[in-house]
Structures are given as structure tokens and as C-alpha cells.
Amino acid sequence: MTTIALPSFSDALGRYEPVIGLETHVELGTRTKMFCGCPTTFGAEPNTQVCPVCLALPGALPVANRLGIEATIRIGLALNCSIATWCRMARKNYFYPDMPKNFQTSQYDEPLCTDGWVDVEIDGETVRIGIERVHLEEDTGKTLHVGGATGRIHGATESLVDYNRAGIPLVEIVTKPVPGIGARAPEVARAYVTELRDIIRSLGVSDVRMEQGSLRCDVNTSLNRPGEEWGTRTETKNVNSLRSVERAVRSEIIRQAGVLDSGGTITQETRHFHEDTGDTTSGRSKETATDYRYFPEPDLVPIAPDPAWVAELKAALPEKPSVRRARLREDWGIAELEMQAVVNAGAVDLIAETIAAGATPAGARKWWMGELARRANETGVELSAVGATPAQVAQLQALVDDGKLNDKLARTVLEGVVAGEGDPAAVMTARGLEVVSDTGALTAAVDEAIAANPDVAAKIRDGKVAAAGALVGAVMKTTRGQADAKTVRELILARLGVEG
Ligand SMILES: [Zn+2]
């Protein structure tokens with residue numbers, strides 16, 4: 001393989017226009033699987049949640065889970081789609097060891113929901129993303145490659161298959177191609193997946209956790225020269241976080257520009273995204289629809305949702321996340337740009353829950369957008385996985401408000417919380433970090449500071465009260481920041497016989 005010189009992102013965008021598209025799989029949170037009654041609990045012992053239907057034993061017949069269909073329709077409605085009045089499931093034929101039937105029950109030319117849209121905000125500007133289709137299908141099992149160092153098939157001595165996931169309902173959401181967004185393509189991709197996740201979470205049909213795989217994203221990217229036809233697209237798989245969605249688009253734009261600059265052509269293929277390097281590497285060449293030999297599933301009756309039922313589902317949709325955000329922005333009394341930062345940090349729900357747990361909007365926002373956001377950034381994790389819960393942040397702020405912690409001590413306590421040492425109150429006690437405001441305990445330190453700084457003490461006695469700051473600082477130092485500054489100041493002035 002020859003190495004190609006890569007242009008910078010902005011150079012690439014100077015010569016080419018990107019078109020992106022996103023295919024997102026959402027694992028529904030139904031209690032049972034899509035075509036049988038097996039439970040769907042995450043993390044169960046391998047192959048304990050299986051039956052003849054999801055293992056595809058001869059003679060077993062599937063029956064559709066009504067709640068899976070209902071959830072798909074609700075997602076479609078929330079994405080402004082039209083809902084089919086009659087459609088069928090289809091068999092998508094291919095062999096894979098973790099797919100016991102050798103076909104996936106999916107939908108092909110008759111998806112349940114079509115032609116919708118989602119609006120996302122980028123720097124105060126609205127970008128509308130078209131939704132091509134929302135269809136229902138089933139998940140595969142999981143293959144585990146063991147004996148090798150990497151967990152990949154290469155170097156493994158054996159492969160084990162767990163069918164617990166086989167047959168769990170999946171909803172696939174496919175966007176229309178999104179052209180004309182230029183350098184904002186990576187941001188738009190991330191904003192779209194964020195919005196989609198928030199919408200689906202608001203419906204309560206999935207826990208949409210990227211790190212657990214209940215929301216999985218494939219990113220299509222192509223480049224073309226201005227005025228020319230769209231280029232050949234690649235499909236990047238394994239994009240397991242919001243941050244990775246953005247990075248995957250960015251690195252694929254740079255890679256493709258490098259190939260095109262050197263006179264090469266882009267191969268239509270799937271590529272794998274690597275979290276560690278931020279690069280993509282070539283996977284398999286992409287199958288086309290004819291490779292799958294789709295045909296209507298003969299073992300399932302067609303799906304024909306009653307329009308009256310669909311209308312009921314539509315009327316019962318929850319408040320849209322975008323509407324909710326506007327309402328929260330108002331409640332929290334912050335500007336549009338600040339709210340945008342909260343959204344980008346993935347902190348909307350965390351802050352809302354912290355306020356619900358008793359914190360003020362300012363107090364909740366301060367911790368999530370300050371110390372915790374910084375930490376999440378540094379360690380490359382989502383804010384929700386940073387190690388502190390809204391209840392803990394609310395408790396931390398309460399300790400500050402009660403004067404038990406000052407800001408500096410609170411940050412140390414938060415470190416302990418994030419490190420898994422327990423709730424803020426427990427960390428404060430265990431580490432002995434509580435602010436000391438007991439005058440008896442502070443008097444000795446105050447006297448010591450006065451004795452050590454006779455010049456300063458003299459100034460204060462002469463009425464230069466402002467000089468007390470230096471003595472407060474000295475006391476804070478000897479008490480390792482744990483003295484209550486206000487009490488210390490009062491004590492100093494009292495000891496020197498000066499009125500505060
Ligand atoms: Zn089953």
C-alpha cells in the first residue's frame with residue numbers, strides 16, 4: 001500500500017464538497033423480543049434468553065410483538081414521517097454465524113415509516129435533515145472471539161456465539177443525503193445523532209446508550225468537486241459515541257480528499273472507525289441490495305396499522321426535545337448561546353435532573369459545565385459517564401450553600417465522588433474536608449497569624465481593615481483551605497479590637 005499525503009481539513013473543504021448520510025440502529029427497550037416471547041435483559045448469561053423461534057429451529061413460527069411495531073410508528077411520527085397503512089416484513093438473506101436463520105427479518109421496499117425530517121441547530125442556524133425511512137428489523141446475536149490479544153477474529157483460537165440478542169427489535173433510521181453543509185458536515189452529523197437520541201429517549205422506547213450498543217451509527221461520506229456529481233460514498237461502521245460521529249466524518253473527508261488529490265478513486269466499501277487513532281480502515285466491499293435476495297416474509301402477516309390508532313399515537317407524543325429545550329432555557333434564565341453549549345456538552349438532562357434534585361439552575365450548570373465538562377473532555381467520555389450523578393451534584397451544591405464546603409474544597413470532594421468514593425457528604429467526612437467555622441477551633445490559628453505578622457496587625461489596629469485579607473490568607477494556609485473565610489475575618493477583627 002502506498003502512503004498518500006493527507007490535506008488539512010480546511011484544504012480538503014476548499015476543493016471538495018462533502019455529502020453525508022446517516023444510518024442509525026436503535027435497539028428497542030421492549031421487555032420481550034420482536035418475534036418470540038424471550039426476555040431482552042442486557043447482560044444475562046450467554047444463551048439463556050433463547051427459544052426455538054429466535055434460534056430458528058425447524059418448524060418454529062414467529063409472531064410479531066405489537067409493542068415493537070407501536071414503538072417504530074411513534075419514532076416515525078416523532079420524525080415527521082408518513083406511516084404506511086399496509087406493509088410487510090422482508091427476508092434479508094445472508095450468512096453470518098450469529099444469525100441463526102441465515103436471514104434477517106427486516107423491511108425492504110415497504111418500510112413502516114417514510115419521508116420525514118429533523119431540524120438541528122448549528123451556531124444558531126437551522127439545518128433540516130431529511131429522513132428517508134424508518135423501518136423495523138431484528139438484531140443478530142453476538143460473536144465473541146477468544147484466545148487472541150485484541151478480541152478480534154485475527155489471532156483468536158475460537159469464536160463463541162451468544163444468541164441472547166438475536167431477535168431483539170431494532171429500528172433502522174436512514175437519512176436522505178445531506179449536501180450543501182461544507183465544513184459543518186462533522187458538526188451536523190453529531191448534532192443529528194444527538195437530536196435523534198434525545199427524541200427517541202423522550203419517547204421512552206429505548207435507552208439509546210451508544211456505549212452499550214442500543215444506539216449504533218453508520219456514517220456515509222462522499223466528496224465531489226463543486227458543480228460535479230456526488231462522489232462514491234463509503235460507510236463508516238463502529239462509531240460508538242457522539243464525539244466519534246464527528247471525528248469519523250472529519251477523518252473520512254480528509255482521507256477521501258487525499259485519495260482524490262492523488263488521482264485515485266474512492267471505493268464503495270464499509271470502513272471501520274478506530275476510537276484510539278480516530279482513523280478509518282477498509283472493511284468489506286459494500287453489498288448491493290441484489291446480493292441480499294430480499295423477498296416478503298411468508299411466515300408473518302402484513303402490518304396494517306389502523307389510521308385511527310396512528311392518530312392516537314401522534315396526539316400522545318411527548319413534548320419535542322427542541323420545544324423542551326426552549327422552555328428550559330427560559331426557566332434557567334440563560335441565553336441561546338449558553339443553552340447551545342449545554343446541548344453540545346450533552347448536559348441538558350443532567351442539569352434538569354440536578355435541579356429536580358434540589359439545586360438552583362446556576363448551581364447545577366456551574367458544576368456540569370465547569371469541572372465535570374472539563375473532566376469529561378480530558379478523559380474522552382460522555383458527560384453522563386463522567387462518574388457523578390445529578391443527585392450527587394445537587395448534594396455537593398447544597399453543602400456549598402450550607403457553608404460546609406467552600407468552592408475549593410467542593411472541587412476536591414467532587415474529585416473523590418468521580419473516583420467512586422461515594423456521595424459528597426461521605427467523601428467530605430471521610431477525607432475530613434469540611435469547612436471549619438467553629439470559632440474555638442479557629443482562634444488558635446488566628447492568634448498565630450496575628451503573632452507572625454505584627455506589621456499587618458498594627459495596620460489593622462490603625463483602622464486599615466482591608467489589610468485583614470493578608471491575615472485571612474495566612475489562616476487559610478495553616479488550615480489547608482478549610483477555614484470559613486468569613487468567620488476568620490470576623491475573629492481577626494474582634495481579636496484586634498476593630499469593628500468590621
Ligand atoms: Zn426466543
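Excluded from the calculations below are hydrogen atoms, water molecules and symmetry mates; all remaining heavy atoms, backbone and side chain alike, are included. Atoms within each ligand, like the ligands themselves, are counted from 1 in listed order. Computed from a predicted model, the values in this text were never measured in an experiment.
- Residues H145 and S159 bring a donor and an acceptor atom of their side chains to less than 3.5 Å of each other.
- Under the 3.5 Å distance criterion, with hydrogens and angles disregarded, a donor-acceptor pair is assigned to the side chains of T143 and D98.
- Relative to the six-membered ring of F273, R247 misses at least one condition, a distance below 6.0 Å or an angle of at most 45° to the axis.
- T234 places none of its side-chain heavy atoms less than 4.5 Å from the side chain of S282.
- Contacts of N93 classified as side chain to side chain donor-acceptor pair (under 3.5 Å), with partners at least two apart in sequence or in another chain: none.
- Around the Zn ion (ligand 1), protein N, O or S atoms at a distance under 2.8 Å total 4; waters are neither shown nor counted.
- With 3.5 Å as the limit, one finds no donor-acceptor pair spanning the side chains of E27 and S206.
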